[in-house]
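The structure appears right after this line, and notes come after that.
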Amino acid sequence: MSIKLRLILSNIAMITVPIILFMITSFLLMIVFLGDIREMANFLPESHNYHKTKQEDTLFFLELKEKSAVNPIELLSKEYLESLNSGLSSIDSGLMIRKNDEIFYRTDDLEKVRAEELPVFGTERSFRSLEEIGEQTFAMKQHDFYLQDGSEVSLFLMRDASPWNQFVRTFFPILFGLCLLILIATNGLLAYFVSKSIITPINQLKKAAHFIKTGDLEHSITAVRNDEIGQLTQAFEEMRLQLKQSHEIQKQYEDNRKELIAHISHDLKTPITSIKGYIEGIRDGIADTPEKRTRYIQTIYTKAVDMDHLIDELFLFSKLDLGKIPFEFERIDIKDYLTDYFEELSFDLRKQNVDLHFQFAPQGHYYVSADREKFKRVLANIINNSLKYMDKDKKELIITMHSTDKNVEISIADNGPGIPEESIPFIFNQFYRAEQSRNKLTGGSGLGLSIAKMIIEEHNGLIKLESTLNVGTKITICLPNDTCAGETVL
Ligand SMILES: Nc1ncnc2c1ncn2[C@@H]1O[C@H](COP(=O)(O)OP(=O)(O)OP(=O)(O)O)[C@@H](O)[C@H]1O
Ligand SMILES: [Mg+2]
C-alpha cells in the first residue's frame, strides 16, 4: 500500500471514528439525562442567577398575597386575573390557582401542568425550591389561604426552570454542525499538508534515484526540511556526490590506464624498431666495415640502455602508484644530506661545466623526516632534467634552502631554456613532455617529474615548478619541518 493511500485511509478514519464516537456518546448522554437533565440545576450555587429571587417577583407575589387577604373574591375574578398577565410576562412567570383540588385558573404557558401533580395545600414555598412537575421543572412560590366558605385556595407563581434542556435543544444542532465542520476542515488541511510534506520529497527522491539508475549523476536534490525525509534526502545527495566522485576517479583511472598502455607500447616500440633495423643492417651486410659495425652495435647498446631506463622508471612508477613501495623515513638534517649529495655530484658537474651554488642560512635548523634513497631519486630526476635540457654555454644551478617553524623549502633553479607557460600545468603528469623536448634528441619517457611528485607527496610535502622561457626553471620542494621542540628555528 502506498504512503499516499495509507495517509488518505488514516485521515478518513480520523474523521469518521470521532464522528461515530461523538454520535454514540451523544446518544448515550441523551438516554442517561433524558428527563433528568434538569436536575442539574440543583447543583448550581444558591447565588446563581437561576435561583435568584428578583425584587419584582417578590413584589408581585406580595401583591397577590395581600389581595388574597384583603379581597380574595376579587383575586379570583376573571378581569383581575387577566389584568395580571402583563406583570406575569415581565417576571417571566405563570400563575396557577387551585381551588379545592381543582384548577381554578392557569395562564397559557402552564397548560400541561396537572392538578394532582401540584404540591398539596399547606406547603408554602419560595422561588428557591425547584419542583418537578410532569416533565418540566419549575421554580415556584406557593401561597395557601381559605375563602370564607372554607374552600382551600393555593396560588402558584411558577417559572419554567429547564435551561439546560432548552440550551441543549437550541444549540445542539449548531454546535454539532460547527464541530463537524472544524473537524473536517482541520483533518482536511492536516491531510493535505502532511501528505504534501511527505509525498513531494519522496517523489523528488524517486526522480533522483531514477536519474542515477540511468547513469545521470548530475541531477542534485536539496532537502527543504530537516525532518526524517529531509535527512534521507541529504544522505541521498551525499551518496550521489560520492558516487559521482568515485565515477570520475574511476574514469580518470581508466583514461590513465589506456594512456599508460599507449605510451608504454609507443616508447618501447620506437627503440625496438631501431634495434631491429640495426641488427638487420649487420645481418644483411649493410654494415660492411668494422667501423660501421661498431657504430651499429653502439647504437643498439644505447637503445637497449634507454629501454632499460624506461622499464626501470615504469616499474618504479607503477609500484609507487599502487603504493607497494615501502618508505623508510628517518629524521635527517637536510643541509648535511644535500652537502654530501652535491659533493658526490661535483665531479660530473665539473665535467659538464656546470656551476653549482648551494645557499642557506648556516645557523638554520633543517630537519626533515625523509627516505634517503627515494629523496635522492627526486633530486636526481630534477637535476638530470636541468642538465639534460640545458642550452647555455655557462651552465648554472642554484640551490637555495630556508626553513620556517613549519616547513623546510628547497629550490633548485637552472638557467636552461625554460618551459612554455601552456605546458606548466601538465608538467607533473605521467608521460608528459613539453613539445620542444619531444623534438630534441634528449630522450626520456616523461615519468621523471611524476615520480618525483609521488615521492614528495608520500613525504607529506609539496612540489611546484616555476619557469620562464629562455630564462630558466625553478623547482621548489616543501617538506614539513621536523625540528624537535626546544630547537630554535631561524
Ligand atoms: N629543467 C628543465 N628545463 C626545461 N624543461 C624541463 C626541465 N625539467 C623538465 N622539463 C620539461 O618537462 C618535461 C617532463 O620532465 P620529466 O622529467 O617528467 O620527463 P623527461 O625528462 O622528459 O623524461 P624522464 O625524466 O622520464 O627521462 C620534459 O620533457 C621537459 O620538456
Ligand atoms: Mg626527466
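First listed ligand is number 1; within each ligand, the first listed atom is number 1. Model, not experiment: these values are computed from the prediction.
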message: Please report whether ligand 1 has a polar contact with Ser450, defined as an N or O pair separated by less than 3.5 Å (distance criterion only).
response: no
- line: For Glu313, the ligand 1 atoms with a heavy-atom partner under 4.0 Å come out as 24 (P), 26 (O), 27 (O)
message: With heavy-atom distances below 4.0 Å as the criterion, list the atoms of ligand 1 near Tyr432.
response: 13 (C), 14 (C)
Per-atom contacts, ligand 1 versus Ser386 - under 4.0 Å to a heavy atom: 1 (N)
message: Any heavy atom of Gly416 closer to ligand 1 than 4.0 angstrom?
response: no
- request: Kindly state whether the ring of Phe358 and the ring of Phe360 have centres lying under 6.0 angstrom apart.
  value: yes
field: Working for side chain to side chain contact (heavy atoms under 4.5 Å, CB included), residues Glu343 and Leu345
entry: CA-CA 5 Å; Glu343 193 71 43; Leu345 269 186; over 6 Å; no
query: Mind checking whether Asn381 has an N or O less than 3.5 Å away from an N or O of ligand 1?
result: no
field: salt bridge (charged side-chain N to carboxylate O under 4.0 Å, His left out) assessment of Asp355 paired with Lys395
entry: CA-CA 6 Å; Asp355 273 350; Lys395 299 163 186 169; over 6 Å; no
query: What residues, two or more places apart in sequence or in another chain, satisfy side-chain contact (heavy atoms from CB on, under 4.5 Å) together with Phe329?
result: Phe327, Ser369, His459
task: May I ask you to identify, for Asn384, whether its side chain, its backbone, both or neither come under 4.0 Å of ligand 1 on a heavy-atom basis?
output: neither
task: Nearest heavy atom to atom 23 (O) of ligand 1 wins, so pick from Ser467, Gly446, Ala380, Gly472.
output: Gly446
statement: Looking at Phe426, Phe428, Tyr389, the heavy atom closest to atom 4 (C) of ligand 1 belongs to Tyr389
query: Does Ile427 come within less than 4.0 angstrom of ligand 1, counting non-hydrogen atoms of the residue?
result: yes
- request: Return each pair, listed once, that meets side chain to side chain donor-acceptor pair (under 3.5 Å) where at least one residue sits in residues 268-282; pairs must be two or more places apart or across chains.
  value: none
query: Looking at side-chain heavy atoms only, is the closest gap between Thr476 and Glu409 below 4.5 Å?
result: yes
Side chain to side chain donor-acceptor pair (under 3.5 Å) pairs, two or more places apart, involving residues 283-297: none
query: Ignoring water, what protein N, O or S atoms are under 2.8 Å from the Mg ion (ligand 2)?
result: Asn385 OD1
- request: Take Ser423 and Tyr432 through the side-chain hydrogen bond (donor to acceptor under 3.5 Å, both in side chains) test and state the conclusion after the steps.
  value: CA-CA 9 Å; Ser423 297; Tyr432 185 83; 3.1 Å; yes
query: Would a 4.5 Å heavy-atom cut-off, applied to side chains only, mark Leu338 and Met401 as touching?
result: yes
task: Any chance you could lay out the side chain to side chain contact (heavy atoms under 4.5 Å, CB included) test for Ile334 and Tyr367, step after step, and finish with the verdict?
output: CA-CA 6 Å; Ile334 201 84; Tyr367 287 99; over 6 Å; no
field: Polar proximity ligand 1 side, Gly448 side, N/O cut 3.5 Å exclusive
entry: yes
- request: Can you sort out which atoms of ligand 1 are near Leu449, meaning under 4.0 Å from one of its heavy atoms?
  value: 9 (C), 15 (O), 16 (P), 17 (O), 18 (O)
message: Within the structure provided, determine whether Lys244 and Glu218 are in side-chain contact (heavy-atom separation under 4.5 Å).
response: yes
query: Is His309 in contact with ligand 1, taking contact as a heavy-atom separation below 4.0 Å?
result: yes
task: For ligand 1, find out whether one of its N or O atoms is nearer than 3.5 Å to an N or O atom of Ile419.
output: no
message: Does atom CD (Glu254) have a neighbourhood of more than 12 heavy atoms from anything else shown, all under 6.0 Å?
response: yes
- prompt: Does any non-hydrogen side-chain atom of Leu217 lie less than 4.5 Å from one of Phe211?
  reply: no
